[in-house]
Number of protein chains: 2
Amino acid sequence: MAKDNEIISLKNVIEDNLPSISIDIAIFGFHENHLRILLLKNKDKESWTLPGGFIGKEESLEEAANRLLFSRTGLNNIFLQQFHAFGDPERTRINKRAELLKEQYAKDQYAQEFIEWVLGRFITIGFYALVEFTEVEPKHDIFTIECRWHDVQDLPLLVSDHQSIIETALKTLRQQLNYQPIGLSLLPHEFTMPELQRLYETLLGKTLDRRNFQRKMLSYKILERLPTKRKGGAYKAPYLYRFDKESYEEALQNGLKDLW
Amino acid sequence: MAKDNEIISLKNVIEDNLPSISIDIAIFGFHENHLRILLLKNKDKESWTLPGGFIGKEESLEEAANRLLFSRTGLNNIFLQQFHAFGDPERTRINKRAELLKEQYAKDQYAQEFIEWVLGRFITIGFYALVEFTEVEPKHDIFTIECRWHDVQDLPLLVSDHQSIIETALKTLRQQLNYQPIGLSLLPHEFTMPELQRLYETLLGKTLDRRNFQRKMLSYKILERLPTKRKGGAYKAPYLYRFDKESYEEALQNGLKDLW
DNA sequence: TATTATTGTGTCAATGTAACACATATTTGT
DNA sequence: ACAAATATGTGTTACATTGACACAATAATA
């Protein structure tokens, strides 16, 4: 690995970014009826980290978040929203973050300045993003060795307070189900009614009546039924639908009343 | 005024607080059927500022926000919640904030260091607080000359991006009406049904049917009707109610379904 | 070709909502 | 002191929405 280049990068990190503030992003995808989140594997090969980074000195929060989202997924123009600022003074001192970093750069004396900088107190702005699972090409960053999806029901060991950030993100996601285009962002362009229902059931953590669900979804007039059906699945072929993006966003202005 | 002490304070501000991050608080009260917000008058005697400040190096965001809220209102244990981080690089460079500060401290050469520090880029975490109007004793800080209530419908000239912070706070307040104890926090301990209705009408910006409003509010079982009535008002004396705090918070767990 | 699992559509009772009427209490005006 | 005025307390009704369920249609499966 190009260690020299990395150290140059580390020096730039300090010079180019705001101190004391970072961004972490909970990137959610939906696949095989499971809600997944994109995580980075640390160099200790044990613990994992949320995608994140720092804010350029002339960059807005949203610009920084979009840049970081792109560099992990290769995607642009994605649903991305900040949901909470995490500012406990102890937050970066827990779950062996310091030990991890020191070990990681033990051999590089030139990295000491960076270590000191990054081990100081940071307040992080939590964002959450909703992506179409199949479109993501996970890419890790220079601090990590792997980037892959994890079932939110079965999270690995996470550094710092990232576990708690994910929990807050999930809570926000559920709360905003009726106020943000969550179905539109997480599902592929075309999908079946049962697939949409599974998404809602997964997010809400409960089963819904198939017929009442369909009646309500259709009543919002945000779905367009296509003439095609999805064959090759299990038994009777379901119709395909897609969101009418305009009607969807319009309907969300007032919120979809009471989708369970 | 004790200018010497002030400069010592200014030096401490830099030493004691995190750089690049601040807190601003939209403190709302409800009085005479109007939603009000507490603002500070700048030394230019023209522009106004949101209550706010910086975060101590070992202080959490919530601790800092509570400390700042207390120092403007004299109140503790108040509903206080962060709602958004404002991070546009230009946000503190607009509405003559720099000119204002430089003018303000033009005569104090010792304040130059502080000016430089505070004119750098800041990301601010926006909080909103809900207080019982009559309990507040507004107190200004060392940067300002007055602290008083303003009708949110009739805001004065605000520095920086504070106008936009207030607008976002109001939007959040309306969205959270069914999910946070907003009535409980803004109204006095005992109140009448019409008073509660006015609060909702003001926040929602529309009139509600008196009889349907009462039926719905009572259906939540979060109100306790007192045997006393409020005499001396206009015509027939209305009953007094108070919130059953326990039931209220419990009901908010799932949200009050659809209060208009 | 019959079976089976899944989807499409419909029904009905129970519940919740919007719109409205009338009686009652207290202040107001004379 | 008394009638008028005005706001509050309570109730009714038509209508819309919801939850629970039944049955027919379709395509894979055996």
Side-chain angles (χ1 to χ4, degrees), chain A residues 32-33 177-179 183 187-188 190-202 204-243 251-252 254-260, chain B residues 32-33 177-178 183 187-188 190-202 204-243 247 251-252 254-260:
Chain A
E32 290 175 345
N33 294 338
L177 197 49
N178 296 341
Y179 301 94
L187 289 178
E190 298 182 354
F191 53 89
T192 67
M193 194 59 79
E195 285 165 356
L196 181 61
Q197 188 179 337
R198 297 295 136 62
L199 172 59
Y200 273 86
E201 288 179 336
T202 302
L204 295 169
K206 63 179 166 188
T207 58
L208 301 170
D209 183 278
R210 188 171 64 84
R211 295 148 289 188
N212 294 337
F213 178 82
Q214 160 146 327
R215 185 180 37 184
K216 199 158 201 174
M217 281 307 299
L218 293 178
S219 77
Y220 296 137
K221 313 240 184 243
I222 58 177
L223 293 177
E224 185 186 353
R225 187 164 94 174
L226 306 177
T228 29
K229 296 187 175 191
R230 166 160 301 166
K231 294 211 177 188
Y235 306 102
K236 180 167 180 178
Y239 282 104
L240 286 169
Y241 291 84
R242 70 169 157 234
F243 282 103
L252 290 170
N254 310 311
L256 306 176
K257 273 195 189 174
D258 263 335
L259 222 160
W260 297 279
Chain B
E32 290 174 346
N33 294 338
L177 196 49
N178 296 342
L187 289 177
E190 297 181 354
F191 52 89
T192 67
M193 193 60 77
E195 284 165 357
L196 181 61
Q197 186 180 339
R198 297 294 136 62
L199 172 59
Y200 273 86
E201 288 180 336
T202 303
L204 294 170
K206 62 178 166 188
T207 58
L208 302 170
D209 183 278
R210 185 171 67 81
R211 294 147 290 188
N212 294 337
F213 178 82
Q214 160 146 327
R215 176 155 42 89
K216 199 159 200 174
M217 281 308 298
L218 292 178
S219 78
Y220 296 137
K221 314 242 182 239
I222 57 177
L223 292 178
E224 185 187 354
R225 188 164 93 175
L226 305 177
T228 30
K229 296 188 175 191
R230 168 160 300 168
K231 295 212 175 187
Y235 307 104
K236 181 169 180 177
Y239 282 103
L240 285 169
Y241 290 84
R242 68 169 157 233
F243 282 104
S247 321
L252 290 169
N254 309 310
L256 306 176
K257 274 196 188 172
D258 264 333
L259 222 159
W260 296 279

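Chain letters run A, B, ... following the sequence lines, proteins first and then strands; every chain starts at 1.
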TODO: Apply the test side-chain contact (heavy atoms from CB on, under 4.5 Å) to residues F243(B) and L223(B): give CA-CA distance (whole Å), side-chain angles for both, the deciding distance (0.1 Å), then the verdict.
DONE: CA-CA 5 Å; F243(B) 282 104; L223(B) 292 178; 3.6 Å; yes
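- In this structure, L240(A) places its CG atom 13 Å from P of dA27(D), rounding to the nearest Å.
- Judged purely by atom type and a 3.5 angstrom limit, Q197(B) has no side-chain atom pairing as donor or acceptor with the backbone of Q214(B).
- The NZ atom of K229(B) sits 7 Å away from the P atom of dA25(C) (whole-angstrom rounding).
- Under 3.5 Å, the side chain of R230(A) and the base of dA27(D) form no donor-acceptor pair of N or O atoms.
- Side-chain nitrogen and oxygen atoms of K236(A) include none within less than 4.0 Å of the OP1 or OP2 phosphate oxygen of dA28(D).
- Atom CG in D209(A) sits about 11 Å away from atom P in dA22(D), given to the nearest Å.
- As a whole-Å value, the separation of R211(A) CZ from dA24(D) C1' is 13 Å.
- Judged by closest nucleotide on DNA chain C, Y241(A) is the one of Y241(A) and A237(B) placed further toward the 5' end.
- Proximity of R215(B) to the phosphate of dT12(D): no side-chain N or O atom is located under 4.0 Å from OP1 or OP2.
- Here the closest non-hydrogen pair linking A237(A) and R230(A) is CB-O, 3.3 Å.
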Task: Stepwise side-chain contact (heavy atoms from CB on, under 4.5 Å) test for M193(A) and Y239(A) - done: CA-CA 7 Å; M193(A) 194 59 79; Y239(A) 282 104; over 6 Å; no
Open item on the list: Quick one, Y241(A) with L196(A), criterion side-chain contact (heavy atoms from CB on, under 4.5 Å). Give me CA distance, side-chain angles, the key distance, then yes/no.
Closed with: CA-CA 9 Å; Y241(A) 291 84; L196(A) 181 61; over 6 Å; no
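- Close to dA22(D), at under 4.0 Å from its OP1 or OP2, lies no side-chain N or O of R210(A).
- Distance, F213(A) CZ to dG10(C) C1': 19 Å, rounded to whole Å.
- When distances run from any side-chain atom of P194(B) to the nucleotides dG8(C), dT8(D), dA28(D), the shortest one goes to dT8(D).
- In terms of position on DNA chain D, the residue among Y235(A) and S219(A) whose nearest nucleotide sits closer to the 5' end is S219(A).
- To the nearest angstrom, C1' of dT7(C) lies 15 Å from CG of N212(A).
- As a whole-Å value, the separation of M217(A) CE from dG19(D) C1' is 18 Å.
- Here dG9(D) presents its P atom at 12 Å from CG of L196(B), a figure rounded to the nearest Å.
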